[in-house]
K.L.:
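Please find one structure pasted underneath; my questions will follow.
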Amino acid sequence: MDLAFSPAELAFREEVRAFLAEHLPDDLREKVRNRRELKRDDYLRWHRILHRKGWVAGWWPEEHGGCGWTPAERHIFDEECHNADAPPILPFGLQMVGPVIYTFGSQAQKDFFLPKLLSGEHWWCQGYSEPGSGSDLASLKTSAVRDGDEYVVNGQKIWTSLAHYADWIFCLVRTASDGKQQEGITFLLIDMKSPGVTVRPIHLMDRGHHVNEVFFEDVRVPVENRIGEENKGWTYAKFLLGNERAGIAEVAWNKKLLRRLKEIAFSEQADGRPLIEDDVFSRKVAETEVKLTSLEYCNLRVLAEMQEGSPPGGEASMLKLLGSEVTQSITELTVEALGYYAAPYDMPDETPGSNRTPVGPDHAEGVLGQHLFMRAITIAGGSSEIQKNIIAKMVLGL
Amino acid sequence: MDFNLSEDQQLLKDSVDRFIQNEYDFETRRKIANSDEGFSRKNWKTFAELGWLAVGLPEEHGGFGGPVETMVIMEGIGRGLLTEPYLPTVVLGGGLIAEAGNETQKSGILSAIADGSCMVAFAYAEPTSRFNLADVATKAEKSGGGWKLSGHKSVVYGAPSADKIIVSARTSGGQRDRDGVSLFIVDNNANGLSRRDYPTADGLRASEVMLEGVEVGADALLGEEGKAMPVIEKVVDRGIAALCAEAVGCMEVLKDETNEYLKTRKQFGVPIGKFQVLQHRMVDCFIELEQSRSMAYMVTLKLDEDEAERRKAATAAKAQIGKGGVFVGAESVQMHGGMGMTDELKISHYYKRLMQIDTMFGNRDYQLKQFAALTQ
């Protein structure tokens, strides 16, 4: 047993750190550090910098344009990116649909989509959830009816993250309604510019525009944009969900949030002393940090198993559950730490020429918004309750 | 990064597993726990033969292995709910002597621990000290060429069977000063030492140890006079790591037993494990166990790091394991319904051990407070 990373892994960490120090633009670093909303161009700028270095999808196999990183290398890369306050690499293209295309797609699909995905020319979004389906994903109703060389798609997706920025959407659609629900689902790639596609924003409680409804009205999709076989979409969807859970514990990010919480609790005063010295508050912080520590070592154990070639099963659900709970504890405590200054809340105003002066201490910026938005992480990607169902079934055999 | 056991460690684990399977089924355990001594001398001899009593001791005194080997054994002790005083004798007693002893003390006692001929207890707690290791009212005064000890040591696990009791006593300073605490090796039958022995709730044996002018020679002082605190903390952190492993063993049995019970026990015509509310409680237990296991590995692998890292690791692990253990214990009782309340089922016995483990060396609240102070 040994907690240390190998010399090669440590050297890789140095390489990543040096690259970030040199190439991460200061304005992006500042935006991330201060929890300001990232726009399409912010994401894309960082995406392209990483792409030029060949690291935007370093964990992809080399034959498809990645570097074939091991799980440990990917972990190190993610950790360093968070520590440096780099913008996140959005998962929809690189983590979700990309691997589906190179694993199950036709040669033509690989040739067309993969380079554009890596370069950032195509921004992807995910068409999984539907009104009324929630975590019961297979109950989806959006239909695709074959008409010659095309499918005609009708229906609605919901909670579609950043669809308002997207060029393409990967969708689960129903192509058969007899038999088991899971057996009539097909995986389609749909151009967002197709006639009949409408995107409508949903504003969340933080007043931000992160998610959307996407409507399909007689949208014609060429059959060549189907992944694999008709009615076999559930197989590809499950593969994708497995990938989605890699790195789901968000340990490095949680550590960063915790450091930030402590900085704020040091600076805020209670009874003439730093808030962090308040017994009750410091106990809550300690409890959260202990939970984060146990999450970190659970994550490393899963990582070590992945290094040896066994993909995470139910353990991924455990990491998702714990990671999201830890995040919520931290952001909740951060709001608490602000006291009254959590109240004068406004969406970060990035309108050019705006001279809005924030009320309260600088460190209050974006805190409440982040906390409110983070309420979603125990709901999205399979709610905590669904994760428990998965563990009960897959791990405990109940 | 590697969480696998080495080949030798795996062999050790196999021998522990085999012993529990063949020699320590729950009915045997019950008989042993209810016997006069509360453990089996025959088993102790077997442990010596299997080499378990030498684990973690210095090689030059016949010892082998380190924290990971101790973890492997303690996890087994937790799974089998063994009552033999391994922690007081090997981990604490052997640890203190290896860490602070002079050559005579080491060569005199360590090999005797390893061959099973010497049992040790560590008397650190007092009626008013709660979990503060530096809160020591017991006094040691210079007397002739040696020392005279007076005081009351409370709930000393393993004391009834110990040949030697290592006592923390104050040689200078105020009652809670870190400076001025010293360690002494005292014969259990020394003049002026009296004990009140009793079984503990978890089926082990402990004593109130009264010291009334106990005269010991100069050679009884273990380590430097007045400078014992860092040594005590270091060895107690090893004890914490060992307890964490034991707790993981206990929790694992509770998780497996309860999970099995949910699959077989029927109510309303179906196995109760079909009810989502119970599934989710079972999942919560599983997650607490996995978190605790991760923390047990973490603290075990950090025992040799510098003091600050080691203390952070130990307090975090103990806080998690204290909480997780009591949670899994209580949930297991609950999910077993009325049967979980009985003395007959092993569930309640594991629960009681996990409660004591939470208390030992400082419970959740105490550890969280320590951890907060270390990480602010």
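Proteins come first, then strands; the chains are lettered A, B, ... in the order of their sequence lines, and each starts at number 1.
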K.L.:
Give me the atom names and distance for the closest heavy-atom approach of B/Leu301 to A/Met1.
P.N.:
CD2-CB, 3.7 Å
K.L.:
Is it the case that atom CG in B/Asp306 sees more than 12 heavy atoms from other parts of the structure closer than 6.0 Å?
P.N.:
yes
K.L.:
So which residue, B/Arg293, B/Lys302, B/Met282, B/Gln320, ends up with the most heavy-atom pairs under 4.5 Å with chain A?
P.N.:
B/Arg293
K.L.:
Sort A/Gln307 into side chain, backbone, both or neither according to what part of it lies under 4.5 angstrom from a heavy atom of chain B.
P.N.:
neither
K.L.:
At what distance, to the nearest 0.5 angstrom, does CD of B/Glu288 lie from OG of A/Ser294?
P.N.:
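Rounded to the nearest 0.5 Å, the CD-OG separation comes to 8.0 Å.
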K.L.:
To the nearest 0.5 Å, what is the distance between CG on B/Asp2 and OG on A/Ser6?
P.N.:
11.5 Å
K.L.:
Given a strict heavy-atom distance threshold of 4.5 Å, which part of A/Lys393 is in contact with chain B: side chain, backbone, both, or neither?
P.N.:
neither
K.L.:
Among A/Thr293, A/Leu398, A/Ile391, who wins on heavy-atom pairs under 4.5 Å with chain B?
P.N.:
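Counting heavy-atom pairs under 4.5 Å, the top option is A/Leu398.
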K.L.:
Pick whichever of A/Leu321, A/Leu303, A/Ile276, A/Asn299 has the most heavy-atom pairs under 4.5 Å with chain B.
P.N.:
A/Ile276
K.L.:
Is it the side chain or the backbone of B/Ser6 that comes within 4.5 Å of chain A heavy atoms, both, or neither?
P.N.:
neither
K.L.:
When rounded to the nearest 0.5 angstrom, what is the spacing between OG in A/Ser282 and CZ in B/Phe371?
P.N.:
11.0 Å
K.L.:
Around A/Lys291, counting heavy atoms of other residues, nucleotides and ligands shown, do more than 12 lie under 6.0 Å from its NZ?
P.N.:
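Buried by this count: over 12 neighbours within 6.0 Å.
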K.L.:
Check each atom of B/Lys323 against the heavy atoms of chain A and say whether the ones under 4.5 Å are side chain, backbone, both or neither.
P.N.:
neither
K.L.:
Name the option with the most non-hydrogen atom pairs under 4.5 Å to chain B; the candidates are A/Leu3, A/Val395, A/Leu396, A/Leu300.
P.N.:
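Result: the option with the highest number of such pairs is A/Leu396.
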K.L.:
State the NZ-CZ distance between A/Lys388 and B/Arg281, to the nearest 0.5 angstrom.
P.N.:
10.5 Å
K.L.:
Tell me, out of A/Leu295, A/Asp279, A/Leu322, who's got the most heavy-atom pairs with chain B below 4.5 Å.
P.N.:
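Top option by heavy-atom pairs under 4.5 Å: A/Leu322.
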K.L.:
When rounded to the nearest 0.5 angstrom, what distance separates CD in A/Glu289 from CG in B/Leu368?
P.N.:
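Taking CD in A/Glu289 and CG in B/Leu368, the distance rounds to 10.5 Å.
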K.L.:
Can B/Asn4 and A/Glu308 be counted as having a side-chain donor-acceptor contact under 3.5 angstrom?
P.N.:
yes
K.L.:
Do B/Gln376 and A/Glu277 make a side-chain contact, defined as non-hydrogen atoms from C-beta onward lying under 4.5 Å apart?
P.N.:
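Heavy-atom side-chain distance check passes, below 4.5 Å.
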K.L.:
Give, for atom CE of B/Met298 and atom OH of A/Tyr297, the distance between the pair rounded to the nearest 0.5 Å.
P.N.:
6.0 Å
K.L.:
If you count heavy-atom pairs under 4.5 Å between each of B/Gln367, B/Gln276, B/Lys369, B/Lys274 and chain A, which one has the most?
P.N.:
B/Gln276
K.L.:
Under 4.5 Å from any heavy atom of chain A, what part of B/Phe286 do you find: side chain, backbone, both or neither?
P.N.:
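For B/Phe286, side-chain heavy atoms alone lie under 4.5 Å from chain A.
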K.L.:
For the candidates A/Met318, A/Arg301, A/Lys262, which exhibits the highest count of non-hydrogen atom pairs separated by less than 4.5 Å from chain B?
P.N.:
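Maximum pair count with chain B is reached by A/Arg301.
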K.L.:
Any non-hydrogen side-chain atom of A/Arg283 less than 4.5 Å from a side-chain atom of B/Asp365?
P.N.:
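A side-chain contact exists here, since the closest heavy-atom pair is under 4.5 Å.
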